[in-house]
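Heads up: the structure comes next, in structure tokens.
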Amino acid sequence: GPQQEGLMRIAMAILLSLLCSTPLMAQEADAKLQSELQAMHAQWFKAFDGGDGATMDQMEMEKLVLVMPTGFVWTKTAPRAGEQQKQKTPSERTLSDVSVRRFKDTAILTGILTSKSKDDNSKEATTVVFVQNAGTWKIASAQWTTVESTK
């Protein structure tokens with residue numbers, strides 16, 4: 001009867017509002033994840049520039065692999081603590097055109113890393129792979145590719 005139709009309409013309205021709010025919640029979660037991983041990326045480079053190997057070790061997976069702009073593949077075989085050299089000229093680094101895509105316990109950050117110091121200015125496209133390990137995001141892999149200047 002009419003009462004059942006009313007309940008059906010309410011049920012449909014609830015269902016529709018749930019369906020419509022899910023993408024918004026996902027977008028908010030994505031934005032939160034992106035800012036979290038960007039902050040981690042900045043902290044990782046700050047530790048690198050400052051020679052803080054202990055902080056880098058906390059942020060990296062044991063089997064970290066880095067692919068340098070030259071094509072050299074660097075594999076982490078030992079902790080950085082006590083070994084990481086401080087960079088001679090600190091760089092001011094900015095990350096732009098950032099995109100973060102999450103796949104379960106893996107997140108892939110892509111963007112453009114611009115580094116400026118008195119000795120060097122570089123612009124590199126980067127891909128950084130984060131893996132969630134015991135509830136914490138860690139860096140598993142990264143690659144940098146030089147962006148050729150368009151002179």
Side-chain angles (χ1 to χ4, degrees), residues 11 13-151:
I14 290 169
L15 186 63
L16 276 173
S17 69
L18 285 174
L19 288 173
C20 294
S21 68
T22 307
L24 190 64
M25 285 162 53
Q27 280 175 350
E28 284 172 17
D30 290 351
K32 184 174 179 272
L33 178 63
Q34 180 169 322
S35 62
E36 183 185 339
L37 297 185
Q38 269 186 261
M40 265 191 78
H41 182 274
Q43 185 188 356
W44 188 47
F45 266 101
K46 186 177 180 220
F48 173 77
D49 288 336
D52 182 357
T55 294
M56 295 184 81
D57 287 335
Q58 287 175 354
M59 301 180 78
E60 297 169 349
M61 297 291 283
E62 274 178 32
K63 298 173 183 170
L64 174 76
V65 174
L66 304 177
V67 181
M68 303 303 173
T70 58
F72 173 73
V73 178
W74 183 87
T75 304
K76 184 171 185 172
T77 56
R80 294 181 189 254
E83 300 296 317
Q84 188 65 36
Q85 298 298 305
K86 190 173 182 174
Q87 300 306 299
K88 289 172 187 68
T89 52
S91 289
E92 183 188 309
R93 301 184 195 274
T94 52
L95 198 56
S96 59
D97 300 321
V98 179
S99 159
V100 170
R101 291 168 299 138
R102 182 173 183 172
F103 307 93
K104 295 190 173 90
D105 61 355
T106 303
I108 300 169
L109 178 151
T110 54
I112 303 292
L113 178 66
T114 305
S115 302
K116 291 177 181 164
S117 71
K118 65 177 174 39
D119 296 339
D120 183 45
N121 283 345
S122 68
K123 192 177 247 190
E124 293 152 346
T126 187
T127 301
V128 184
V129 179
F130 293 84
V131 174
Q132 212 168 32
N133 185 316
T136 306
W137 289 104
K138 296 207 175 217
I139 297 164
S141 187
Q143 178 164 357
W144 298 272
T145 305
T146 303
V147 175
E148 298 300 330
S149 63
T150 51
K151 282 179 188 168

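None of the values given here were measured: they were computed from a predicted structure. When reading the values below, keep in mind they use all heavy atoms of this one structure, side chains included, and skip hydrogens, waters and symmetry mates. In this chain, numbering begins with 1 at the start of the sequence shown.
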Only distances under 3.5 Å count here; give the side-chain donor-acceptor pairs of residues 60-78 to other protein atoms, sequence neighbours excluded, each with its distance to 0.1 Å.
residue : atom : partner : partner atom : Å
Glu60   : OE1  : Lys76   : NZ           : 2.5
Glu60   : OE1  : Arg80   : NE           : 3.0
Glu60   : OE2  : Trp44   : NE1          : 2.8
Glu60   : OE2  : Arg80   : NE           : 3.0
Glu60   : OE2  : Arg80   : NH2          : 3.1
Thr70   : OG1  : Phe72   : N            : 3.3
Lys76   : NZ   : Asp57   : OD1          : 2.7

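Residues that satisfy the ring-ring contact (aromatic ring centres under 6.0 Å, His included) test with Phe48, not counting sequence neighbours, are absent from this structure. Residues satisfying the side-chain contact (heavy atoms from CB on, under 4.5 Å) criterion with Gln58, sequence neighbours excluded, are absent altogether. Residues passing the side-chain hydrogen bond (donor to acceptor under 3.5 Å, both in side chains) test with Asp119 are Thr89, sequence neighbours excluded. Taking Arg102 as the reference, Gln132 meet the side-chain hydrogen bond (donor to acceptor under 3.5 Å, both in side chains) condition, with sequence neighbours excluded. Partners of Val147 according to the side-chain contact (heavy atoms from CB on, under 4.5 Å) rule, which considers only residues two or more places apart in sequence or in another chain, are Ile112, Lys123, Ala125. Applying the side-chain contact (heavy atoms from CB on, under 4.5 Å) criterion to Ala54, with sequence neighbours excluded, gives Asp52, Ala81. Partners of Ser141 by side-chain contact (heavy atoms from CB on, under 4.5 Å), not counting sequence neighbours, listed by chain and number: Val129. Partners of Glu124 under the side-chain hydrogen bond (donor to acceptor under 3.5 Å, both in side chains) rule, at least two apart in sequence or in another chain, do not exist in this structure.
Applying the side chain to side chain donor-acceptor pair (under 3.5 Å) rule to pairs touching residues 103-117 yields Arg93-Ser115, sequence neighbours excluded. The salt bridge (Lys or Arg N to Asp or Glu O under 4.0 Å) pairs that include a residue from residues 37-48 number zero, where partners must be two or more places apart or lie in different chains.
Once rounded to the nearest 0.5 Å, the distance linking CG of Leu109 with CG of Leu33 reads 9.0 Å. Taking CZ from Arg101 and CD1 from Ile108, the interatomic distance works out to 5.0 Å, rounded to the nearest 0.5 Å. Considering CD of Glu36 and CH2 of Trp137, their distance stands at 8.0 Å, rounded to 0.5 Å. In this structure, Gln43 CD and Met40 CE are separated by 7.0 Å, a value rounded to the nearest 0.5 Å.
Between His41 and Leu113, the closest side-chain pair of non-hydrogen atoms falls below 4.5 Å. Using a 4.5 Å heavy-atom cutoff, the side chains of Leu37 and Val128 are not in contact.
Across Glu92, Lys88, Gln87, Lys86, a single residue satisfies side-chain contact (heavy atoms from CB on, under 4.5 Å) together with Asp49, and that is Gln87.
Heavy-atom minimum distance, Met56 versus Ala47: CG-CB, 3.6 Å.
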